[in-house]
Amino acid sequence: MNIHRPLSPHLPIYKPQLTSTFSISHRISGAFLATIVFFFYLLCLKIGLICFTYENFYQIFFYSSKLILISVEITALALSYHLCDGVHHLLTDFSGFFFRKKKIEMTVQN
């Protein structure tokens with residue numbers, strides 16, 4: 001019995017594959033989007049509706065307009081990637097079911 005052998009393959013043994021890279025980036029984009037939603041939820045709770053009447057609030061938005069545009073673009077990119085990759089994951093998960101159903105229909109017809 002070899003006691004010194006590893007029980008399971010470790011991460012450095014595997015080469016990065018396209019599917020694993022897509023899966024990891026899908027999780028990262030989902031975590032980023034959840035963080036953005038949680039941040040704006042807390043921001044709306046903290047600010048409230050009365051803060052929109054303050055002049056300082058509008059000055060902050062005026063001076064940080066470039067930063068807001070960049071953050072909206074990054075969020076839109078993450079959302080579109082997460083949505084497309086989510087559809088890809090669903091199609092990949094259910095493709096075996098669709099192909100299996102088609103094989104069953106073909107065997108029944110013959």
Side-chain angles (χ1 to χ4, degrees):
M1 179 186 233
N2 189 0
I3 298 174
H4 299 294
R5 67 180 179 89
L7 297 177
S8 64
H10 298 287
L11 193 58
I13 294 174
Y14 292 115
K15 293 179 182 176
Q17 299 172 347
L18 192 61
T19 54
S20 64
T21 306
F22 282 156
S23 179
I24 291 169
S25 58
H26 179 78
R27 290 174 186 226
I28 290 172
S29 66
F32 173 74
L33 291 171
T35 304
I36 292 295
V37 167
F38 184 67
F39 172 74
F40 278 112
Y41 175 71
L42 289 179
L43 186 69
C44 288
L45 284 178
K46 178 76 174 162
I47 290 174
L49 293 176
I50 198 165
C51 190
F52 288 111
T53 59
Y54 293 138
E55 187 175 325
N56 294 336
F57 184 74
Y58 290 115
Q59 286 178 351
I60 290 172
F61 273 129
F62 177 74
Y63 290 122
S64 64
S65 62
K66 298 287 184 190
L67 181 64
I68 290 173
L69 286 176
I70 291 171
S71 63
V72 166
E73 289 173 358
I74 291 172
T75 305
L77 182 66
L79 181 65
S80 62
Y81 175 76
H82 191 74
L83 181 70
C84 291
D85 199 48
V87 170
H88 174 258
H89 274 288
L90 285 174
L91 289 176
T92 304
D93 289 343
F94 288 115
S95 65
F97 172 73
F98 293 134
F99 289 136
R100 205 173 324 122
K101 186 176 179 182
K102 191 180 286 187
K103 282 182 183 178
I104 292 171
E105 289 175 359
M106 289 174 64
T107 56
V108 170
Q109 290 175 357
N110 292 334

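In terms of hydrophobic clustering, with Ile, Leu, Val, Met, Phe, Trp and Tyr side chains grouped at heavy-atom distances under 4.5 Å, L18 and Y81 are assigned to a common cluster.
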With a cut-off of 3.5 Å and sequence neighbours excluded, list every side-chain donor-acceptor pair involving residues 26-35.
unit_1: H26; atom_1: ND1; unit_2: D85; atom_2: OD2; d: 3.3
unit_1: S29; atom_1: OG; unit_2: S25; atom_2: O; d: 3.3
unit_1: S29; atom_1: OG; unit_2: H26; atom_2: O; d: 2.9
unit_1: S29; atom_1: OG; unit_2: H82; atom_2: ND1; d: 3.0
unit_1: T35; atom_1: OG1; unit_2: A31; atom_2: O; d: 2.7

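Screening I70, V72, L77 for a side-chain contact (heavy atoms from CB on, under 4.5 Å) involving I74 leaves a single residue, I70.
In H88, the NE2 atom is not crowded: 12 or fewer heavy atoms of neighbouring residues, nucleotides or ligands sit closer than 6.0 Å.
Taking CZ of F40 as the start and OG1 of T75 as the end, the distance is 7.0 Å to the nearest 0.5 Å.
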